[in-house]
Amino acid sequence: MKTKNKYLKILPSVRGWMQMLLKVGNFCKRLIYFSTGQHQKPNRHHRFIQVLFLTTLLICLLFGQVVFAQTQNASGLVEQGIKDYDAGNFHNAVKHWQEALNQYKNNPSDAAVVNENLARAYQQVGENKEAIASLSAAIHDYGAVGNIEQVGRMKSELAQVYSNLGQPRKAIALLCGQLVDKPKISENQASQEIKCTPESAAQIAIKYNDKRGQVAALGILGEAYRLIGSYDQAIYYLDAAQKISPEYKSLVFNSLGNAYKSRGQLRELQADSANKASILSKEKEFTKKSVDDYERANQYFQDSIKFARNEKQPIAEMRGLLNLIQLGSQTNKSKIINDEEFDKTLKDALKVLEALPDSATKVYGEIDLAYLQRDAKGTSPFTDCATQLVLSSNMQLNLLENSILTSKKLQDNRLISYSNGALGHFWECSLDNEKALKNKKALKYTQAAIVAADNKLSAKDSLYLWEWQAGRILDRQKQKEEAIASYQRAFDTLEDIRSDILTAERDVQFDFRDVVRPLYQTLAQSRLDLLGVGAIADKQRANELSAVVKTIDALKLAELQNYFGNDCILSALNPKQVGELLKDNSVAFQNTGFLSSIILKGKTGILLQLPNQATKFKWIEDPNQEGTNKIVSSDKLQKKIAEFRTGLVKGKEEFNYDTTTAAELYDWIIRPILSDIKPEKVKTLVFIQDGFLRSVPMAALYDSQEKKYLVETYAIATTPSLRLTTPKARDRSTQKALILGLTEKAIIDGKTFDALAAVPNEVSAVQSIFPNHTDLIDQDFFPESFQQTLDKTTYPIVHIASHAQFGIIPEDTFIVTGKNQKLTISQLENSLRNLNSKSDSVELLTLTACETAVGDDRATLGLAGVALQVGVKSAIASLWNVTDESTSELVKTFYTNYRNAGMSIAEALQQAQIKMIHPKNLPPSEEMNPRYNNPAYWAPMIAIGNWL
C-alpha cells in the first residue's frame with residue numbers, strides 16, 4: 001500500500017493534501033465600494049461568499065468591507081487594484097494596493113481591508129510569506145478597531161496558509177489554541193462542545209454565532225489534524241462542521257473522504273505490522289477496519305460529486321472526481337472501486353476538466369491525470385519513471401502542456417513551477433532515438449520549474465524535487481559535477497523544510513523511504529563515486545568526504561525523526577556538525593573510533609572517523625574475489641547479515657557456535673581498517689549503522705586469525721547519530737534505581753508473551769547492586785503505577801526486565817506490564833519527560849527481553865532511538881529475547897562494572913561479555929555455565945547513546 005506524499009505537490013488541492021484560498025471569478029468577486037465622499041455598505045448577504053473546501057475545508061471571505069476614501073489618490077489606487085485583480089493581473093493589483101496601504105498607515109480600519117486584499121493577491125501568485133505578513137497585519141488592525149468577528153475570520157485564513165506550507169501545528173494554534181487528543185463533540189451541538197481558547201478562530205466564530213466562520217474554522221482544523229496523522233480528531237471536527245450547516249456538503253464530504261482514506265491507509269499499515277509480528281487476529285481486524293474506511297471514503301467522494309453536480313459547481317465536482325480516482329488507484333488491491341467504475345470516473349473527470357475555468361484545480365487536475373496509474377506503488381510520480389500510466393503519451397503530453405499555459409495565465413509561481421517540473425519529468429522519462437533532444441527538453445522545463453520555485457522561495461517545498469530531477473538529467477548526460485551541484489541544492493533545500501515534512505504525518509512512513517532516503521543516497525553515492533574517478537587532491541577528497549558525512553548523518557536523523565514522528569529528536573540535536581565534534585579533545589572522544597555505514601544502490605560504504613584525523617572511506621569488499629567482483633553488492637551483504645543474525649539467534653541450539661559467517665563479515669568490514677584502529681590507540685568503537693546493519697551486534701564479529709570476537713579487543717557501542725549523543729561521565733557512587741519486572745505470562749493485542757522465569761534472579765541481582773531502589777513487579781507494574789512512582793522520586797537508573805516489542809510503526813512499540821497491559825513508547829516518553837526535575841537526570845535505561853519485528857529494519861529504529869525519545873542519555877537493550885539466567889549474569893556483571901567510576905558504559909558491557917566468553921577463566925566463586933560463551937547469550941545486549 002502506498003500513499004501520495006502531500007509534500008510532493010505545491011498546494012495539491014485536487015486530492016486534499018494541502019489547501020489554498022482561491023479568489024477566482026464570481027466565487028470571490030471583489031465588492032469593495034469606493035466613491036468620492038460617499039460609500040455604500042454591502043448588505044449582510046454579501047459580507048461572505050462561499051466556504052470552500054477544495055478537498056479540504058477552505059474559507060473565502062468576501063472583501064465586503066467599507067473602505068473610506070481618505071484621498072482621491074488612495075481610492076483610485078484601490079479601485080485600480082480591484083480591476084487588475086478581476087482581470088487576473090495579480091502583480092499589478094499588489095503594486096496598487098501596496099501604494100494605497102502607505103496612505104492608510106494611520107487608519108487601521110482601511111488598512112485592515114487593504115491588507116486582507118493583499119494577502120489574497122499574494123496567495124494567487126504563490127508568495128505565501130508576504131500573505132502571512134499581510135494577514136497578520138489585518139488581524140492586528142481589525143483588533144485595533146474592535147472588529148473581533150473579522151479577526152476570527154482572518155485567523156482562519158492565516159491558519160489555512162500555514163497548512164498550505166506544511167505547518168499544520170501553527171494552523172491548529174490559530175484555530176483552536178491547543179492540540180486536543182480527544183475532542184468532546186455532542187451529537188446535537190457539535191461546535192458548542194469544542195473547547196478552544198477564547199482568542200482562537202473557532203471560539204470567536206462560536207461567540208459571535210458566525211456559522212460560516214465556524215464551518216471554515218472547524219474544517220481547516222479537521223484538515224490540520226489529518227495532516228499530523230490524527231485521523232480520529234480530523235473526522236470529529238469535520239463531522240462537527242457538517243452539522244453546523246448543510247450548505248457546504250460537497251466541500252465537507254470531500255474532506256471527510258480524505259480523512260477516512262488516510263485512516264484506512266494507516267490501518268492497512270497496522271495490518272502489515274501485525275502480519276510481520278504473526279498476530280493474525282490483529283491483522284484481520286485492521287484489514288477489515290481499513291476496508292471499512294476506504295468504503296466510507298468512497299461514499300463521501302461519491303456524495304461530494306453528486307452534490308457539486310446538482311449545484312453546478314464544476315471545480316468542486318472536479319476535486320471530488322480526482323479524489324475518487326486517486327482512491328481507486330491507491331486501493332487497487334482492495335478493489336474498493338472496480339475497473340468499470342474507475343474508467344467511468346476517469347472519463348467524467350476528463351470531460352469536466354475540458355470545460356473547467358482556469359484555476360489551480362485545473363492545473364493540478366491536468367497533471368494528476370497525466371501521471372495517473374491504475375495501481376500507484378510510489379509516493380510521488382516524480383522520483384521515478386512510472387511504467388503503467390493509464391493515459392497514452394499523446395494525451396499525457398497534451399495535458400501537461402495545457403497545465404503550463406493555464407499556470408502562466410494565473411501568474412502563480414507555484415503552479416508555474418509545478419507544471420514545468422511535471423513536463424520536464426515527462427521528457428526525462430521519454431527514452432527513444434531522440435534521447436539527446438528529449439534530455440534537452442527535460443532540462444529546459446526542469447530549469448524553468450526551478451526558476452519559478454526559487455522566485456522569492458515561493459515554492460520551496462517543491463524546489464528540492466526539481467533540483468533533484470535536474471541532477472538526474474545531468475547525471476544521464478555525464479555531467480557529474482553539475483549533477484552533484486544540483487543534488488546538493490536539493491539536499492540543502494530539503495534539510496530546511498525536513499522537520500515539517502517528516503513530522504506532519506507521523507503514521508505513514510512511505511514518504512521517507514521513497515522520497516527523502518533516495519535523494520540523500522543519490523547525493524552521497526555521487527560524491528563517493530567522484531572520489532574514484534582519476535587523481536584527486538587531498539583537500540578535495542577531505543571536502544567530499546566531509547560532505548558525505550553530513551549527508552549520511554542527515555539521513556539517519558531524518559529516518560529516526562520520521563519513525564517517531566515528532567520534534568523530540570531535533571530538540572536534542574547538537575548544533576555542531578560531526579566534523580566539529582571530532583575535533584573535541586575531551587575524554588569523550590579520546591581513544592574512540594566511529595564507523596558509519598551507508599547502504600547505497602548496489603554497494604555499501606564504511607566511513608571511519610577518528611578524532612583530529614582525516615575521514616577514511618572504503619566500499620565493503622570480499623578479499624577472496626578479484627577485480628570488479630570484489631565489491632560486495634548490497635543484496636549479498638543483506639543476505640549475509642540475515643544469515644549472521646539467524647545463526648546468532650538460533651545459536652543456543654548448538655553447543656559450539658559456528659563462527660564462519662561472523663569471520664567472513666569481520667574480513668569484509670573490520671580487517672581492511674585494522675591498521676587505523678590499533679588497540680593501543682583505539683579502545684572503543686562506536687557504530688552508526690544504516691538499514692539492515694542495525695539489526696545485528698557488531699560485538700560478535702569474529703577474527704579468525706586471532707581467534708577472538710571483536711568485543712574482546714574493543715568496547716562496542718552504537719548510536720543513531722553522533723550529533724544526538726552527549727558523551728559525559730557521571731558520578732555513579734550513590735545512584736537510586738527503579739526496577740520494573742514481569743514474571744507472568746501476558747496477552748497483549750491477541751499475542752501471548754511467555755512467562756519470564758529468569759526475571760526474579762535478574763531483579764534480585766539489580767537490587768543487590770543498588771540498595772537504594774524501588775521495585776514494581778508483576779501486578780504492581782502497570783502504566784499508572786509507573787507514572788505515580790516517577791512523580792514522587794527521580795531515578796537515575798531505570799531497569800525494565802520484561803518483554804519489549806519494537807514494531808515497524810511506533811504504535812507497535814511497547815513494554816509489556818502486569819495486568820495484561822502495555823506501556824507504549826509514547827507513555828514511557830511522557831512519564832520520563834514529566835519528571836519534576838530535568839529529564840536528563842535519568843542517565844541509564846536498561847531493557848532486557850526485547851523483541852523486534854522481523855522483516856523490517858525500521859523496527860530497530862525503535863531500539864536505537866528509545867533512549868533519545870524518552871530523554872535519557874544511555875540505554876542498554878537486547879536485539880532479541882534471551883529469557884535465560886545468562887541475562888541476569890550479564891546484567892549483574894555490567895552493573896557491578898558500571899558502579900566503578902573508572903569504567904565507561906561500553907567498557908562495563910565489554911567486560912561483562914568477555915566474562916561470559918571465557919567462563920573457564922573464572923575463579924570457583926564465580927562459576928558460570930560454560931555454554932554462555934556462545935554469542936547467542938551475550939551478543940544481543942548492546943550499548944546505545946552515551947558510551948561513557
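Keep in mind the model is a prediction, meaning the values are calculated, not measured.
Scored by the ring-ring contact (aromatic ring centres under 6.0 Å, His included) test, Tyr932 finds Tyr937 as partners (sequence neighbours excluded). In terms of the side chain to side chain donor-acceptor pair (under 3.5 Å) criterion, residue partners of Glu643 (sequence neighbours excluded) are, by chain and number, Thr661. Asp754 meets the side-chain contact (heavy atoms from CB on, under 4.5 Å) test with Thr752; sequence neighbours excluded. In this view, Gln689 and Ser597 satisfy the side chain to side chain donor-acceptor pair (under 3.5 Å) rule, not counting sequence neighbours. Residues passing the side-chain contact (heavy atoms from CB on, under 4.5 Å) test with Thr848 are Glu762, His799, Ala801, Thr846, Thr887, Val891, Met941, sequence neighbours excluded. When the salt bridge (charged side-chain N to carboxylate O under 4.0 Å, His left out) test is applied to Glu295, no partner is found at least two apart in sequence or on another chain. For Lys640, the side chain to side chain donor-acceptor pair (under 3.5 Å) criterion is met by Glu664, not counting sequence neighbours. Listed by chain and residue number, Arg263, Arg267 satisfy the side chain to side chain donor-acceptor pair (under 3.5 Å) test with Asp293 (two or more places apart in sequence, or in another chain). Judged as a side-chain contact (heavy atoms from CB on, under 4.5 Å), and not counting sequence neighbours, the contacts of Ser281 are Ile279. With sequence neighbours excluded, the residues that form a ring-ring contact (aromatic ring centres under 6.0 Å, His included) with Phe753 are His803. Residues passing the ring-ring contact (aromatic ring centres under 6.0 Å, His included) test with Tyr657, sequence neighbours excluded: none.
Between Ser878 and Leu847, the closest side-chain pair of non-hydrogen atoms is not below 4.5 Å. Between Leu844 and Lys873 there is no side-chain heavy-atom pair separated by less than 4.5 Å. Put simply, the side chain of Asn761 does not reach to within 4.5 Å of the side chain of Val759, judged on heavy atoms.
Among pairs with a residue in residues 258-287, those fulfilling ring pair (Phe, Tyr, Trp, His ring centres under 6.0 Å) read Tyr260-Tyr300, at least two apart in sequence or across chains.
With salt bridges taken as basic N to acidic carboxylate O contacts below 4.0 Å, none links Glu889 and Lys892.
The salt bridge (Lys or Arg N to Asp or Glu O under 4.0 Å) test with Asp292 is passed by exactly one of Arg296, Lys288, Lys289: Lys288.
Between the side chain of Asp690 and the backbone N or O of Ile599, at least one donor-acceptor pair lies under 3.5 Å.
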